[in-house]
Chemist: 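I am attaching a structure below and will ask some questions about it afterwards.
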Amino acid sequence: MARTGGRSLWLAVPIGLICLVVVGALGWFAAPSVPGVVGFVGDALRFGSAQSVEADPTPPPADVVTAEGFTDIDCRALYPNDLWADVVWSPDALLVQSTDDPTTAAEGLIEVLSPAVAVTCSWRSEYGTLATSLSTVGEDAVTVADAALRGQGFSCDTGEGSLTCTRMSGADIETHTIRDGVWLVTVESAWHPEDYAARIVAQVWG
């Protein structure tokens with residue numbers, strides 16, 4: 001067998017054996033750390049997945065809001081997934097959550113109903129504004145609100161213990177729904193997501 005000139009076989013063999021011993025020794029020392037490395041990589045992947053979920057701008061809503069005993073409700077709970085996505089992704093959308101009195105153009109209605117406000121959601125975007133409030137009211141609220149709203153130009157429908165009134169004025173649409181001692185008010189000013197009020201009503205009362 002031909003050999004490369006200048007290469008000494010008696011040196012190459014011992015050096016090769018030494019290299020094999022060194023590699024084997026390094027592998028032996030590194031073996032205990034392999035499970036830890038694997039665990040670290042797995043944790044990193046799981047953490048990355050968790051972060052992606054938490055960053056999702058359209059998380060699922062809380063359990064469907066019921067008219068009985070709603071407490072600690074936030075704005076997210078009032079919106080079905082598709083409507084929440086529509087509003088959140090609108091240009092320059094900004095939400096302010098509070099327990100302020102409902103927004104309404106109906107004069108004197110807040111004073112006569114004396115609502116206990118659970119949550120008020122006020123949105124602003126380049127399209128316009130949206131205001132939605134959920135409150136508890138007295139047992140006579142349907143009768144009182146029906147007379148007050150019809151007298152101010154609202155178109156109203158009544159059911160068994162429920163009332164829905166709507167009025168359009170220029171670019172504004174105001175909708176009131178009272179049922180089971182709960183008052184839901186939505187006001188759309190120039191900004192009109194499709195079936196906005198109806199979709200929130202469906203979310204609240206299922």
Side-chain angles (χ1 to χ4, degrees), residues 48-67 70-111 113 115-137 141 145 148-149 152-157 162-180 182-206:
S49 299
Q51 290 294 94
S52 297
V53 171
E54 292 170 3
D56 186 348
T58 56
D63 293 339
V64 172
V65 180
T66 59
F70 54 86
T71 57
D72 298 324
I73 288 178
D74 61 12
C75 290
R76 179 64 187 94
L78 298 184
Y79 292 78
N81 286 345
D82 53 355
L83 180 56
W84 179 262
D86 289 346
V87 175
V88 166
W89 286 108
S90 297
D92 298 325
L94 176 65
L95 168 65
V96 175
Q97 177 175 299
S98 69
T99 54
D100 293 345
D101 284 341
T103 298
T104 177
E107 295 181 4
L109 189 61
I110 293 175
E111 288 74 16
L113 292 184
V117 181
V119 66
T120 293
C121 311
S122 302
W123 295 88
R124 185 182 74 239
S125 81
E126 70 174 30
Y127 298 140
T129 62
L130 301 170
T132 298
S133 294
L134 190 70
S135 310
T136 55
V137 288
L149 291 170
Q152 297 187 48
F154 283 80
S155 175
C156 297
D157 293 321
S162 67
L163 173 71
T164 300
C165 297
T166 303
R167 183 176 71 181
M168 298 182 63
S169 178
D172 296 349
I173 301 176
E174 182 171 335
T175 304
H176 298 258
T177 301
I178 300 177
R179 190 186 305 176
D180 304 324
V182 174
W183 180 25
L184 177 68
V185 187
T186 62
V187 179
E188 308 166 46
S189 298
W191 184 8
H192 305 292
E194 184 177 0
D195 296 328
Y196 178 78
R199 290 157 78 183
I200 295 178
V201 167
Q203 175 73 2
V204 172
W205 281 282

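Note: hydrogens, waters and symmetry copies are ignored here, and every other heavy atom, side chains too, is used. Throughout, residue positions are numbered sequentially from 1 according to the sequence presented.
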Chemist: List in chain and number order the residues that pass side-chain contact (heavy atoms from CB on, under 4.5 Å) with D101, two or more places apart in sequence or in another chain; answer none if no residue qualifies.
Modeler: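 Residues passing side-chain contact (heavy atoms from CB on, under 4.5 Å) with D101: I110, V117.
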
Chemist: Any side-chain heavy atom of T132 sitting closer than 4.5 Å to one from Y79?
Modeler: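 In contact.
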
Chemist: With rounding to the nearest 0.5 Å, note down the distance linking CG in L130 to CD1 in I173.
Modeler: 10.5 Å

Chemist: Which atom names give the shortest non-hydrogen contact between V88 and A93, and what distance separates them?
Modeler: O-CB, 3.6 Å

Chemist: Considering only heavy atoms from C-beta outward, does the side chain of L109 approach that of P102 to under 4.5 Å?
Modeler: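 L109 does not reach P102 side chain to side chain.
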
Chemist: Suppose we screen for side-chain contact (heavy atoms from CB on, under 4.5 Å). Which residues come up paired with T103, at least two apart in sequence or across chains?
Modeler: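 By the side-chain contact (heavy atoms from CB on, under 4.5 Å) rule, T103 matches A131, V187.
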
Chemist: Please check if the number of heavy atoms outside R124 that lie under 6.0 Å from its CZ is greater than 12.
Modeler: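 Not buried by this count: 12 neighbours or fewer within 6.0 Å.
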
Chemist: Nearest 0.5 Å, what's the SG-CG distance between C165 and D157?
Modeler: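 Nearest 0.5 Å value for the SG-CG distance: 8.0 Å.
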
Chemist: Could you grab the distance from atom OG of S125 to atom CH2 of W191, nearest 0.5 Å is fine?
Modeler: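 With rounding to 0.5 Å, OG (S125) is 3.5 Å from CH2 (W191).
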
Chemist: Might you point out which heavy atoms bring L83 and P193 nearest each other, and give the distance in Å?
Modeler: CD1-CB, 4.0 Å

Chemist: Give me the atom names and distance for the closest heavy-atom approach of Q152 to R167.
Modeler: O-NH1, 2.6 Å

Chemist: In chain order, what residues pass the ring-ring contact (aromatic ring centres under 6.0 Å, His included) check against Y196, with sequence neighbours excluded?
Modeler: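 Counting only residues at least two positions away or on another chain, Y196 forms no ring-ring contact (aromatic ring centres under 6.0 Å, His included).
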
Chemist: Using 0.5 Å steps for rounding, measure from the OG1 atom of T136 to the CH2 atom of W183.
Modeler: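 T136 atom OG1 to W183 atom CH2 measures 11.0 Å (nearest 0.5 Å).
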
Chemist: For the side chain of Q97 and the backbone of V119, is there at least one donor-acceptor N/O pair under 3.5 Å apart?
Modeler: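 Checking the backbone N and O of V119 against the side chain of Q97, no donor-acceptor pair under 3.5 Å is found.
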
Chemist: How many angstroms lie between atom CG of L78 and atom CG of L184, to the nearest 0.5 angstrom?
Modeler: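 Here the interatomic distance stands at 7.5 Å.
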
Chemist: Using a 4.5 Å cut-off on heavy atoms from C-beta on, say whether the side chain of L95 contacts that of C121.
Modeler: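 Side-chain contact under 4.5 Å: yes.
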
Chemist: Output all residues satisfying side-chain contact (heavy atoms from CB on, under 4.5 Å) with A141, sequence neighbours left out; order by chain, then residue number.
Modeler: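 Scan of A141 (side-chain contact (heavy atoms from CB on, under 4.5 Å), adjacent residues dropped) gives L113, V137, I178.
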
Chemist: How many angstroms lie between atom CH2 of W123 and atom SG of C75, to the nearest 0.5 angstrom?
Modeler: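 Atom-to-atom, W123:CH2 and C75:SG are 7.0 Å apart.
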
Chemist: Any sub-3.5 Å donor-acceptor pair from N81's side-chain atoms to W84's backbone N or O?
Modeler: no

Chemist: What salt bridge (charged side-chain N to carboxylate O under 4.0 Å, His left out) pairs are there with at least one residue in residues 185-202, not counting sequence neighbours?
Modeler: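 Residue pairs passing salt bridge (charged side-chain N to carboxylate O under 4.0 Å, His left out), neighbours aside: D82-R199, D86-R199.
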
Chemist: Check the pair T104, H176 against side chain to side chain contact (heavy atoms under 4.5 Å, CB included), reporting the backbone distance first and the verdict last.
Modeler: CA-CA 9 Å; T104 177; H176 298 258; 3.5 Å; yes

Chemist: Are any side-chain N or O atoms of T120 and backbone N or O atoms of D100, one a donor and one an acceptor, separated by less than 3.5 Å?
Modeler: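 Between the backbone of D100 and the side chain of T120 there is a qualifying donor-acceptor contact (under 3.5 Å).
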
Chemist: Considering residues at least two apart in sequence or located in another chain, which fulfil the side-chain contact (heavy atoms from CB on, under 4.5 Å) criterion with E126?
Modeler: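 Partners of E126 by the side-chain contact (heavy atoms from CB on, under 4.5 Å) criterion, ordered by chain and then number, come out as P91, D92.
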
